[in-house]
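Below is one structure, written out as structure tokens; the observations come after it.
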Amino acid sequence: MLGQGARLYWAIQWRRNEGLGALFLVLVVFAVIYAFLFPGILAVGAMAKFVQGWFPTAMVAAAETIVMLTGGIDLSVGPMVSLGSVVAASTMQGPLGILGGVLALLALGTGVGAIVGAFVAIGRYPAIIVTLALSFVLRGVALLIMPRPGGFVPPSLSEFLAGSHPTAAFLLVLLVILWKLYQATPLGIGLIAVGDNAEGAYRSGVSVTTVRMSAYILSANLQAFTGLYVAAQTGSGDPLIGEPLTLSAIAAAVLGGVGFLGGQGAMRGALAGSLLMSILINVMFFMGLPLVAQYVVQGLIIVATVALPLIRASLRRPS
Amino acid sequence: MNAVLYLRRFAASYSRSLVAYAIVAILWIAASLSIGGFGAYAHLRYIVELAAVIGLVGIGQTVAVIGGGIDLSVAAVITVTAIVLPLVSFDGDASGLGAIALALLAAAGIGAVNGLGIGYLGLPPLIMTLAMATILQGLLILIAGGSAISVTNPALDWIGSTHVLTISVSIILWAVVAGVCLFWLHGTRSGSLIFAIGANPVASRLSGVPIRRLTLLTYVISGFCSGLAGLLLLSMNGQGYVGIGDPYLLSSIAAVVLGGTSILGGQGTYFGTIAGAVLLVTMTALITVVNASEGWRSVILGCLILAMLPLSGRDQSR
């Protein structure tokens, strides 16, 4: 009953899963291990808590993926999340309350994204060094606003976002739908085209500058609101809370098959990558392994997931 | 005939590096005139001593970046050296040189693992070194915990405290290693092949360049130089702790880029990284003089790097 267009669409979607097989397999294995070790996770409440733990990593992985698909990279994710949490926790005390905080975060995300975009998309400077320098600036600004953890997030908001409701899960679904819609717009289609072949995209009438610019603004907004979520989880702002997220975001994206050269990979891979890391940390936590062993295992898993397909390919191809 | 070729290519990368040297010169002159004590010989020597650590890490980072890669494990390797050295000090090693050799071997070994993963398995450099950094971070906390480990190593103390003709041994060490690196990169066959790999890996492979072996060598050099930097840092600090190397990841990349080496690979020189390292330390010193608040220091440093981007050359190819 499917029309030709729909069949083509699903064929292409299916082909984009290629190379993600190993990741999905590992993910399923660990999910089964997790559910086997802790059957309690299958309850709605426990699941909601689990998704809440995963949510920030998923958000920053998505933010990093958007940028990486265009061929860029963002090394300022962690400080940006910290700054978002600090801004959220210090503006929600104001007269405008939660609305004021949300507006401030929108302004922050759009402003920072526009600055990065101006350097990378218009100035054509390497994203790696622009965001590296920007990470210093953002960390400094967060420390200036709030030298130590403090501020205030309304308890009602904390309860709504990180309480007993599965809000985070709904937000994730909403994000995936919005991402699909974005990819149906000219800007979204251009995203991967620009990353794959900027010159070709330009000749085909894609506005390379606009596509890159909006990618950075979108990404920065995701990061700023991750800050809001993290602040809601802890009930206050913290100028250093996001620091580990820079590496998590890149690791999740890379684990998910998103390439550094742009144009390779898909959002589903990055989300699966962040989910795998989240499950891993939970499993090891419940097994009583020290926190540091998680780093070691996380590193090994990243190498193994990326290396296995490479080894297989080199065995298949006689050299 | 080859010498002419090398010289010509060196001069091409040279012009970008000169910008960094010019900025250092302007900053030093302006600061010496306006801030009392800045221009004193001892203070400038102190700046170069601090730059030696970034400069040594920058050797490996420069070579990795020119070869089309990047090394995100340098900070972890520095910390490994600074923590392993006190642990491997053994009796009968009166000079402390045995422990230093073991620590450097460990550093080069980590680099070799990176090189094997990147060169022979074909892992992207960012992933391999990022994963290596994560693994090492876990192992280090497991070994050292949160406490600082003090070290008593005669050879290290000598490096940290001796001056030859009023020049610190650490600066001399940096100068010697830098000289060897510059000669290797610009004066030998294998050095120039690193540029070829960075510029076009496919063409290099088809022309018979031993990419795998050279990639392995690149990351061994990076690990070894980070190890040297860790030793210098330890000789200045007197104790090693988890996180001692952390600031040097970003500053080594910043030094490479400020020195005019293209982050895309195939272009650049360690000559510029030297200026980049001195420039970074100078800027940090100036910011500390103007305002000591950590927040402002971070903001100003970041803004300065952004402001210098137009000078350090932009990405023409995209």
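Naming convention: chains lettered A, B, ... in sequence-line order (proteins, then strands); numbering from 1 in each chain. For clarity, every value in this text was computed on a predicted model and none was experimentally measured.
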Bottom line for B:L123: the part with an atom under 4.5 Å from chain A's heavy atoms is both
Assert top hit (heavy-atom pairs under 4.5 Å, partner chain B, pool A:V208, A:V130, A:L132, A:L144) equals A:L144
Heavy-atom closest pair (B:V299 atom, A:V137 atom, distance to 0.1 Å) is CG2-O, 3.6 Å
Side chain from CB out, backbone as N, CA, C, O: work out which of these in A:Y202 comes under 4.5 Å of a heavy atom of chain B, or both, or neither. neither
Distance check, rounded to the nearest 0.5 Å: A:L75 atom CG versus B:L249 atom CG? 8.5 Å
Value for CG (B:L306) from CG (A:L134), rounded to nearest 0.5 Å, stands at 6.0 Å
If we check side chain to side chain contact (heavy atoms under 4.5 Å, CB included) with A:I128, which of these qualifies: B:I70, B:V257, B:V65? B:I70
Counting heavy-atom pairs closer than 4.5 Å to chain A, which one of B:A131, B:P124, B:G117 comes out on top? B:A131
